[in-house]
Undergrad: 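Here it is, the structure in full.
Keep in mind it's a predicted model, so treat the numbers as computed, not measured.
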Amino acid sequence: MNTKVTLDELIRIASEYRQQAYAPYSKFPVGAAVLAESGDIFGGCNIENGVLGLTNCAERVAIASAVAAGQRSFLQIVIVAHPLSPPCGACRQVISEFASSNLIVTAVDADNPKVQQSWSMEELLPDDFRFEKR
């Protein structure tokens with residue numbers, strides 16, 4: 001991880017984004033912070049929709065924000081929710097698309113930030129899909 005950015009800083013940013021979540025259906029606000037290899041940090045929150053399949057998870061919102069800013073490789077992703085929650089399957093695949101070889105995903109309980117769990121992408125998605133261009 002970039003030594004200039006601490007885990008506590010990523011947790012703080014993800015927590016701030018969680019406050020902006022639009023979760024009227026699930027009542028499950030989530031915030032995420034993504035640390036790009038450049039050292040830049042991008043945040044996101046979940047944005048629900050009455051058509052639940054159109055809901056955007058916080059992780060994908062943060063990644064989309066980073067990609068829109070020109071970032072393509074990430075070192076760490078922090079997810080803040082209560083209770084602590086790992087990324088869903090769709091988010092795991094999106095994260096793997098942009099993961100550096102040593103990317104760490106950390107989930108933090110919003111009500112008790114000392115409750116944390118971290119995974120490598122290999123642990124979360126051991127056989128991720130890779131589209132090979134021909």
Side-chain angles (χ1 to χ4, degrees):
M1 189 169 108
N2 182 329
T3 57
K4 295 179 184 176
V5 177
T6 66
L7 179 59
D8 286 341
E9 178 71 2
L10 292 172
I11 293 169
R12 183 188 65 74
I13 291 168
S15 296
E16 288 176 3
Y17 274 88
R18 181 176 181 262
Q19 298 304 311
Q20 301 305 318
Y22 178 73
Y25 306 104
S26 71
K27 309 288 191 251
F28 188 70
V30 181
V34 176
L35 174 62
E37 281 190 344
S38 66
D40 294 325
I41 301 168
F42 298 87
C45 61
N46 56 321
I47 305 167
E48 293 182 348
N49 187 280
V51 178
L52 295 180
L54 299 179
T55 293
N56 291 296
C57 296
E59 301 92 306
R60 285 183 277 152
V61 170
I63 288 170
S65 177
V67 170
Q71 301 299 312
R72 299 290 189 270
S73 186
F74 309 119
L75 299 172
Q76 180 144 19
I77 297 178
V78 172
I79 305 156
V80 175
H82 177 75
L84 175 148
S85 179
C88 73
C91 286
R92 292 176 193 209
Q93 182 61 44
V94 171
I95 292 166
S96 76
E97 181 78 19
F98 299 101
S100 64
S101 62
N102 58 344
L103 180 130
I104 299 295
V105 176
T106 301
V108 178
D109 188 306
D111 289 357
N112 185 0
K114 293 185 187 297
V115 176
Q116 303 175 5
Q117 188 170 355
S118 294
W119 305 269
S120 68
M121 278 311 299
E122 179 64 26
E123 291 172 305
L124 286 176
L125 193 63
D127 293 313
D128 60 338
F129 173 80
R130 293 290 171 177
F131 181 78
E132 299 298 324
K133 294 180 183 176
R134 294 182 185 191

Undergrad: With a cut-off of 6.0 Å (strictly less than), are more than 12 heavy atoms of other residues, nucleotides or ligands near CZ of Phe74?
TA: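 Yes, the 6.0 Å shell around CZ holds more than 12 heavy atoms from other groups.
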Undergrad: side-chain contact (heavy atoms from CB on, under 4.5 Å) between Ile13 and Val78: does it pass, once the steps are laid out?
TA: CA-CA 9 Å; Ile13 291 168; Val78 172; over 6 Å; no
Undergrad: Given the rule that I, L, V, M, F, W and Y join up when any side-chain heavy atoms are under 4.5 Å apart, are Val5 and Val80 in one cluster?
TA: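 Both belong to a single hydrophobic cluster.
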Undergrad: Could you state whether Leu10 and Trp119 fall into the same hydrophobic cluster, counting links through intermediate Ile, Leu, Val, Met, Phe, Trp or Tyr residues with side-chain heavy atoms under 4.5 angstrom apart?
TA: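 They do not share one cluster, since no chain of ILVMFWY contacts under 4.5 Å joins Leu10 to Trp119.
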Undergrad: Please confirm whether the backbone N or O of Ser120 pairs with a side-chain atom of Glu123, one donor and one acceptor, at under 3.5 Å?
TA: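 Confirmed, Glu123 side chain pairs with Ser120 backbone.
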Undergrad: Quick one: does any side-chain atom of Thr55 pair with a main-chain N or O of Asn49 as donor and acceptor, under 3.5 Å?
TA: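 Judged by distance alone, yes, a pair lies under 3.5 Å.
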Undergrad: Which value, rounded to the nearest 0.5 Å, describes the distance between Cys91 atom SG and Leu125 atom CG?
TA: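 Rounded to the nearest 0.5 Å, the SG-CG separation comes to 11.5 Å.
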Undergrad: Output the distance between atom CD (Glu37) and atom OG (Ser73), rounded to the nearest 0.5 Å.
TA: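 Rounded to the nearest 0.5 Å, the CD-OG separation comes out at 3.0 Å.
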Undergrad: So if I apply the side chain to side chain contact (heavy atoms under 4.5 Å, CB included) rule between Glu16 and each of Gln19, Arg12, Arg18, which one comes out positive?
TA: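 That would be Arg12.
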Undergrad: As an exercise, state the distance from OH of Tyr22 to CG of Asn56, rounded to the nearest 0.5 Å.
TA: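 Answer for the OH-CG pair, Tyr22 versus Asn56, is 12.5 Å.
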Undergrad: Look up atom CD1 in Ile41 and atom OH in Tyr17, then write down how far apart they are to the nearest 0.5 Å.
TA: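 Answer for the CD1-OH pair, Ile41 versus Tyr17, is 10.0 Å.
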Undergrad: Is there side-chain contact between Gln76 and Thr106, with at least one heavy-atom pair below 4.5 Å?
TA: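 Yes. Closest side-chain heavy atoms under 4.5 Å.
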Undergrad: Sub-3.5 Å donor-acceptor pair from the side chain of Ser65 to the main-chain atoms of Val61, do we have one?
TA: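 Pair absent, no side-chain N/O of Ser65 close to backbone of Val61.
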Undergrad: Taking all heavy atoms of Ala107 and all of Ser85, pick out the closest pair and write down the distance.
TA: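 Between these two residues, the closest heavy atoms are CB-O, 3.5 Å.
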Undergrad: Determine the minimum heavy-atom distance between Leu103 and Ile95, stating which atoms define it.
TA: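 So the two residues come closest at CD2-CG2, 3.8 Å.
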Undergrad: Working to the nearest 0.5 angstrom, can you tell me the gap between Gln71 CD and Leu35 CG?
TA: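 Interatomic distance, Gln71 CD to Leu35 CG, rounded to 0.5 Å: 9.5 Å.
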Undergrad: Atom CD of Gln93 and atom SG of Cys88: how far apart are they, to the nearest 0.5 Å?
TA: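 Result: 11.0 Å between the selected atoms.
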Undergrad: Report the C-alpha separation of Glu59 and Ile79 in whole Å, then their side-chain angles, then the decisive distance to 0.1 Å, and conclude whether the side-chain contact (heavy atoms from CB on, under 4.5 Å) test is met.
TA: CA-CA 7 Å; Glu59 301 92 306; Ile79 305 156; 3.5 Å; yes
Undergrad: Are any side-chain N or O atoms of Glu48 and backbone N or O atoms of Tyr25, one a donor and one an acceptor, separated by less than 3.5 Å?
TA: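 At least one qualifying donor-acceptor pair exists.
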Undergrad: Is there a continuous path of hydrophobic side-chain contacts, each under 4.5 Å between heavy atoms, that joins Ile11 to Ile77?
TA: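 No, Ile11 does not connect to Ile77 through the hydrophobic network.
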Undergrad: State yes or no: do Val34 and Val108 share one hydrophobic cluster built from I, L, V, M, F, W and Y residues joined by side-chain heavy-atom distances below 4.5 Å, directly or via other members?
TA: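 Different hydrophobic clusters.
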Undergrad: Do you know the tightest heavy-atom contact between Pro83 and Asp109?
TA: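 In this case the closest contact between Pro83 and Asp109 is CA-OD2, 3.9 Å.
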Undergrad: Count I, L, V, M, F, W, Y as connected when their side-chain heavy atoms are under 4.5 Å apart, and connections chain through other members. Are Ile47 and Val30 then in the same cluster?
TA: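 In one cluster with Ile47: Val30, no.
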Undergrad: State whether the side chain of Asn46 and the backbone N or O of Ala23 hold a donor-acceptor pair below 3.5 Å, judged by distance alone.
TA: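 The answer is no, because no donor-acceptor pair under 3.5 Å joins these two groups.
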Undergrad: State, to 0.1 Å, how close Ala58 and Gly44 come at their nearest heavy-atom pair, and which atoms those are.
TA: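 Closest heavy-atom pair between Ala58 and Gly44: CB-O, 3.7 Å.
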